[in-house]
Structures are given as structure tokens and as C-alpha cells.
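In what follows, chains are A, B, ... by sequence order, proteins preceding strands, each numbered from 1. In this text, all values refer to a predicted model and were calculated from it rather than measured experimentally.
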Amino acid sequence: MQLFKDFINGIWNENPIFRMVIGICSALAVTTAANNGIAMGMALTFVLTCSSILISLLRNIIPAKVRIPCYIIVVATFTTVVDLFMKAYFPSLYEVMGIFIPLIVVNCIVLARAEAFASKVGPVRATADALGMGLGYTWAITLISMIRELMGAGTLFGYHIMGEGFTPWTIMIMPPGAFIVMGILVGLMNMITRKPVE
Amino acid sequence: MNQYAKMIIVLMIISIASGAVLALSYEVTNPKIQEQARQKLEESVLKVIPGAAKMEVVQKEDMTIYLGLDEQGNKKGIAFKAVGSGFNGAIELMVGYNPSEGKLTGVEILSMSETPGLGAKIKEEAFTNQFNGKSVEDKFIAKEDVQAISGATISSTAVAKAVKTSLDNVMKIYPVGGDF
């Protein structure tokens, strides 16, 4: 039960994008097409899960005073591994994501979960939390990118959805579009989950 | 144990382990990455030289020229890279050129960061195809002999200018009608 709670926490209650609003730099920048959203989400989930497990295992060995450099080394290592493998096996995706894969190192979701959660609990709970956070991030940015792609390019996962007569709203795939879509979604999220005032 | 010694040792062990993991993944992926880059380059060269099936790299006066050969090894044309400064940064192009006729055979955008929906349209064939068959004597000025994309004059001009500049350099090595 505790595990399920840890897992669901990141997906909904403390969704990194919609509730905590952290790690949104990449969420705003790469969400121009739905494929990018999924790929970025998977890359982050991988790094987050691997580093959470490792940090949780090492939590009693790492001295408190040097914990941040240790976390950064662990995160940077996994990020570079993802970066290299993506470059080798998914070059077209790598091209679109550009610097945002290496930037996972400084994505605050990863460090925040390491500091606030993984360093305090065992590896099993840390895994559940990391997977939940990763999936929460993934669905959030996939949703943002689907909306932006549909309105800004008239396609969804690269397939034409809108008919010939549709004029793409170019602004949606430009930076302002990211802020508009995300703002509206955060607002909707708040509306849905608003607790009635006593 | 002295707490400072412990800090140093833990950090050192983590760093060494990280170094080992990185070295290993680099070894695994590097050949593949090199291969991908070469394949991508070859694809773009073959695309801008009609009839070419293989490419050969030659260095001429500090310029890298890609020779396009057909199955029998006959030279079909040359290709070279050109760089222009667009609206948001560098635009990298591959230009195909046939020196014996003095005509361009194709232009392909390798990389660019122009505005999506506007400048990014330079990637589309509707824009790049207009360079096919252009003669070295043409002026390559956007809105005159090069059709500019509406709303993206800077990007269009950058491409036209980059093609012209690099073509002028290549013409010094491969004059029109000469052997290549």
C-alpha cells in the first residue's frame, strides 16, 4: 500500500510539472511534437530511476557534507549514458532534443527526489517514487506536446489529423505557445482538484 | 576514521566508478555514432548529386569536397558544405554542383534552427528545389532570382548567400567546363 502511494504520488498528487512545477525548462522547450514529449519523458524516467536506486543504496555510505557532489556525479553519469546511447541508436530524436538530454543533469526533479526522498528510504520505495515521478513527468509533457503539435502543426505523432483547410497556429510551436498551453493545463488541474472551502 | 578522509575516499570511489561506466558506454556507442554521422553525410551527398551511388571524400586546398560516383565509378558531380547565418543561428547546407555544366544539381539543409512554421520552411523541397539547375552566373539574390519564403526573408537570403559564397570558392578549384 505504501509502495502504491509512493508510486501514485508523482503521477497525480505531486505531479512534477502540474503540481510542483519543477523541471519545466525541458518541458517547455522540447514539447513541440508528441514524439519528443514521450522520448524526453522516457529519458528522464530512466535517469531518475537509476539514480534514485543507486543513491538510496549508497545513502548510508555517502557523508552528509559531500552528498550533493555525489548525487551530481551519479546523475551526470546516467545522463551521459542516455545521451550516448540516444546519439547512437536514435539519431533523429537526438537531433531534435539537442542540448536538453545533457541538461537532465541539472533538471531539478532528479536532484529534488534524490535529496528529498531517495536518500531517506530503501531502494524499493525509491524505485516506486522515481517511476511515479518519471511517469508523471512523461504524461504531463506528452499532453502538452500533443496539444501544441495538433494546434501548431495540425499533426499528431507526425500523422496529419486536421484537414487541408486547417491553418496551423504557428505560435503554438513557438516558445510562447508552451507557456500558454502549460498555464492553461496547470489552471485546469487546479480546478479539477480544488477542495471545497469549508 | 577521520571524517575528512572518509569524504575524500567516498567521492573518489564514486568518481572512479562513474569514469569506468562512462568509458565503457563510450566504447560501445562510439563506432555506431561515427557510422551514423557518416551515413547521414553520404545520404545528403547522394541526394544532391543525381545519379550518384557512392561518394568519395577529397581534400582540395583546405576544402572538403565530396565526389559523387555512379555504380561504374563515373564522376557524376561534386558536393560541398556551405554555412550561412540565419535568423536564429547557423544554417548548414550541402550543395551539389556539376562543374562541367556549371550548374547546381541540388541543395539540402543539413542543420538549422530557424523559426518553426516560417524560416524552417527552407527545409522543404518547395524551397530547395528551385536551386536545381541554377547556373553559376546567376546572382542568387532573394526576391530577385531566388524565391523567398514569405515571412522568412532573412532565412531565404541566408541560404542563397551561403550557396553563392561557397560556390564562388569552389569555382576557383573547379572552373566551369573543367575536369573534376
Q) Is the shortest distance from a Lys or Arg side-chain nitrogen in B:Glu42 or B:Arg38 to a carboxylate oxygen in the other one below 4.0 Å? A) yes
Taking the side chain as every heavy atom from C-beta outward, state whether [X] and [Y] have any atom pair closer than 4.5 Å.
| X | Y | value |
| --- | --- | --- |
| A:Asp6 | A:Phe117 | yes |
| A:Phe78 | A:Val110 | no |
| B:Leu11 | A:Ile73 | yes |
| B:Tyr97 | B:Val176 | yes |
| B:Val107 | B:Val48 | no |
| A:Met189 | A:Leu185 | no |

Q.
Are there residues of residues 17-34 of chain B whose heavy atoms fall under 4.5 Å of chain A's heavy atoms? If so, which?
A. B:Ser18, B:Val21, B:Leu22, B:Ser25, B:Tyr26, B:Val28, B:Thr29, B:Lys32, B:Ile33
Q) By number, which residues in residues 130-163 of chain B have some heavy atom less than 4.5 Å away from chain A? A)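 Answer by number: none.
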Q. Passes side-chain hydrogen bond (donor to acceptor under 3.5 Å, both in side chains), A:Thr32 versus A:Glu149? Steps please.
A. CA-CA 6 Å; A:Thr32 50; A:Glu149 189 186 345; over 6 Å; no
Q.
Main chain of B:Phe87, side chain of B:Glu114: is a donor-acceptor contact present, judged purely on distance under 3.5 Å?
A. yes
Q) Does A:Gly136 offer a backbone N or O that forms a donor-acceptor pair with the side chain of A:Asn15 under 3.5 Å? A) yes
Q) Among pairs that include at least one residue of residues 77-98 of chain A, which meet salt bridge (charged side-chain N to carboxylate O under 4.0 Å, His left out), considering only residues two or more places apart or in two chains? A) A:Glu95-B:Lys40
Q) What residues of residues 35-67 of chain A sit under 4.5 Å from chain B when you count only heavy atoms? A)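 Those residues of residues 35-67 of chain A which have a heavy atom under 4.5 Å from chain B are A:Leu58, A:Asn60, A:Ile61, A:Ile62, A:Pro63, A:Lys65, A:Val66.
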Q) Under a 4.5 Å side-chain heavy-atom rule over Ile, Leu, Val, Met, Phe, Trp and Tyr, are B:Val95 and B:Val45 clustered together? A)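 Unlinked, B:Val95 and B:Val45 end up in two clusters.
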Q.
Once you measure the plane-to-plane angle for A:Trp12 and A:Trp139, does it fall in the parallel (<30°), tilted (30-60°) or perpendicular (>60°) bin?
A.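 Rings of A:Trp12 and A:Trp139: parallel, as their planes differ by under 30°.
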Q: Considering only heavy atoms and a distance below 4.5 Å, find which of A:Pro168, A:Gly152, A:Pro91 pairs most often with chain B.
A: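 When all of A:Pro168, A:Gly152, A:Pro91 are compared, A:Pro91 has the most.
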